[in-house]
Novice: 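Structure provided below as structure tokens; questions to follow.
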Amino acid sequence: MKNNLIKLSNTINDWYTENKRQLPWRETTNPYIIWLSEIILQQTRVDQGISYFNKFRTKYPTIKRLAEATEDEVLKDWEGLGYYSRARNMLATAKFISSQLNGVFPDNYNDILKLKGVGSYTAAAISSFAFNEERAVVDGNVYRVLSRFFGLSTPIDSTEGKKEFQKLANNLIKFQEPSEHNQAMMEFGAIQCKPKNAECEICPLNHECFAFQKSLVGNLPIKEKKAKQTKRYFTFLICRDNENILIQKRPESGIWANMYEFPLLESKSSEEQHKIILEKEWLSSFTNTNTKVTHVSETQKHLLSHQQLFARFIELELGELQKIENNQLIIKQQELKNYALPKLLVNYISEREDLLYLLNDN
DNA sequence: AACGCGGGGCT
DNA sequence: AGCCCAGCGTT
């Protein structure tokens with residue numbers, strides 16, 4: 001068993017020195033910059049996160065500068081990346097370190113683990129990359145490499161599986177430099193031992209790999225839970241007068257927490273949603289004056305990891321804009337681009353020629 | 001232990 | 001259409 005561990009460790013380490021990508025966060029040991037990259041990369045592909053990383057590093061070069069930002073501002077910078085609680089936790093942690101820790105990022109695994117938004121993976125990543133602490137990262141890549149190489153069929157999303165794989169990873173890290181080893185394991189999983197179409201024919205471990213020898217590469221790792229999807233039916237009202245537009249802030253829990261949106265009617269079914277369009281009784285809520293419906297959209301399907309959204313947009317022009325509910329804001333149309341909007345809304349605006357000006361500068 | 005939380009790429 | 005991605009927080 002120990003020989004297998006050494007073989008795996010040495011081979012992947014050698015593979016890494018030959019095949020690693022140049023990634024911007026690998027050029028620093030600044031724990032703040034590494035933390036920034038790791039939060040962005042949680043459940044996010046490198047290719048998707050890299051432009052956000054560059055934007056944040058440039059705009060917020062120090063943790064103090066990040067701590068001075070507002071939540072609205074950080075959410076706007078995070079717009080389009082998803083899992084927005086990451087941005088809110090990140091800002092809260094920056095404020096905490098800036099005010100309570102004298103701006104000094106914690107320098108060890110246990111203290112890093114206490115930070116909001118940082119779990120066992122991220123604490124291991126930061127403490128190994130920035131401080132070369134011997135803490136093994138176990139992310140989706142590591143689960144895949146270990147389960148295939150050793151033929152481990154314990155579900156990786158079970159408590160037992162998490163303990164088993166973490167323990168194995170802890171044993172495996174002892175043979176190399178911690179930072180290099182962690183980087184190598186993840187890079188190997190991302191480039192070579194991929195979820196689909198793993199390149200086993202050219203894999204330096206294919207002789208020792210249990211999954212390859214038993215033709216089980218496509219079956220490992222094993223997950224037991226499947227996220228069930230719920231359907232939701234949204235009707236957004238885009239209300240404008242000559243210069244203003246109506247928006248509202250979303251609740252602090254649920255999807256798109258604390259972001260902004262157009263006034264929203266939610267229906268329990270597709271039929272009920274369709275009635276909104278037909279009956280237009282909601283129009284009476286605008287009471288007086290010249291309210292014109294200028295456009296009613298087709299249904300836009302928007303997929304989240306656990307919800308299917310069926311959204312329609314009704315575009316209205318009013319003589320003078322007024323709030324329908326108290327929590328709403330009347331803002332200048334040219335200010336809309338400063339508010340963090342869900343991608344669903346950005347997508348719709350950008351596809352409608354009549355609305356596109358709302359996203360542009362001036 | 002189970003669930004909620006985005007958006008995008010790949011098959 | 002389904003799976004996965006440099007996971008974490010809440011209940």
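Letters go in sequence order (proteins before strands), and every chain restarts at 1. Note: hydrogens, waters and symmetry copies are ignored here, and every other heavy atom, side chains too, is used.
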Novice: At less than 3.5 Å, do the side-chain atoms of Thr44(A) and the base atoms of dG6(B) form a donor-acceptor pair?
Specialist: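 Yes, a donor-acceptor pair under 3.5 Å.
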Novice: By the 4.0 Å heavy-atom rule, please label Gly254(A) as base, sugar-phosphate, or nothing.
Specialist: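 Touches sugar-phosphate only.
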Novice: Does Lys343(A) put a side-chain nitrogen or oxygen below 4.0 Å from OP1 or OP2 of dG8(B)?
Specialist: yes
Novice: For Glu79(A) and dG6(B), what is the distance between atoms CD and P respectively, to the nearest whole Å?
Specialist: 13 Å
Novice: If the cut-off is 4.0 Å, is Arg144(A) near the phosphate of dC5(C), judged by side-chain N/O to OP1 or OP2?
Specialist: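 Yes, such a contact exists.
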Novice: Could you check whether Leu23(A) gets within reach of a base, just the sugar-phosphate, or nothing at all, counting any heavy atom under 4.0 Å?
Specialist: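 Touches a base.
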Novice: Checking only heavy atoms, does the side chain of Ser305(A) share a donor-acceptor pair with the base of dG6(B) at less than 3.5 Å?
Specialist: yes
Novice: So, does Tyr84(A) get its side chain near the phosphate of dG7(B), meaning an N or O under 4.0 Å from OP1 or OP2?
Specialist: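 Answer is yes, contact under 4.0 Å.
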Novice: Can you tell me how the ring of Phe234(A) sits relative to the ring of Phe236(A), calling it parallel under 30°, perpendicular over 60° and tilted otherwise?
Specialist: perpendicular
Novice: Examine the side chains of Gln42(A) and Arg86(A) and answer whether a donor and an acceptor come within less than 3.5 Å of each other.
Specialist: no
Novice: Compare side-chain N and O positions of Gln43(A) against OP1 and OP2 of dG7(C) and report whether any pair is under 4.0 Å apart.
Specialist: yes
Novice: Could you tell me how the ring of Phe313(A) sits relative to the ring of Tyr348(A): parallel (under 30°), tilted (30 to 60°) or perpendicular (over 60°)?
Specialist: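 Geometry flag for Tyr348(A) against Phe313(A): parallel rings.
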Novice: What contact category does Asn197(A) fall into here, base, sugar-phosphate, or nothing, at under 4.0 angstrom with non-hydrogen atoms?
Specialist: sugar-phosphate
Novice: Base, sugar-phosphate alone, or nothing: which one does Val137(A) contact when heavy atoms must sit under 4.0 Å apart?
Specialist: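 Touches nothing.
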Novice: With a 4.0 Å limit, can you tell me whether Thr122(A) has a side-chain N or O closer than that to the phosphate oxygens OP1/OP2 of dC8(C)?
Specialist: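 So the side chain of Thr122(A) is within the cut-off, an N or O lying under 4.0 Å from OP1 or OP2 of dC8(C).
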Novice: Side chain of Pro195(A), heavy atoms from C-beta onward: which of dC5(C), dG7(C), dG7(B) has the nearest atom to it?
Specialist: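 The listed nucleotide nearest to Pro195(A)'s side chain is dC5(C).
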Novice: What pair of heavy atoms forms the shortest contact from Gly189(A) to Val145(A), and how long is it?
Specialist: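 Residues Gly189(A) and Val145(A), closest heavy atoms: CA-CG2, 3.7 Å.
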Novice: Please state whether the base of dC4(C) and the side chain of Arg45(A) form at least one donor-acceptor pair under 3.5 Å?
Specialist: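 Counting by modelled atom types and ignoring angles, a donor-acceptor contact under 3.5 Å is found here.
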Novice: By nearest heavy atom, map Lys196(A) and Gln48(A) onto DNA chain B; which one lands nearer the 5' end?
Specialist: Gln48(A)
Novice: Does His306(A) have a side-chain nitrogen or oxygen under 4.0 Å from the phosphate oxygens OP1 or OP2 of dC5(B)?
Specialist: yes
Novice: Please determine if a side-chain N or O atom of Lys116(A) lies less than 4.0 Å away from the OP1 or OP2 oxygen of dG7(C).
Specialist: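 For Lys116(A), the contact criterion (side-chain N or O under 4.0 Å from OP1 or OP2 of dG7(C)) is not met.
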Novice: Go through the steps to decide whether Lys162(A) and Asp157(A) satisfy the test salt bridge (Lys or Arg N to Asp or Glu O under 4.0 Å), and finish with yes or no.
Specialist: CA-CA 7 Å; Lys162(A) 288 172 187 167; Asp157(A) 53 353; over 6 Å; no
Novice: For Ile40(A), answer base if it contacts any base atom (sugar-phosphate contacts may also be present), sugar-phosphate if it contacts only those atoms, and nothing otherwise; contact means non-hydrogen atoms under 4.0 Å.
Specialist: nothing
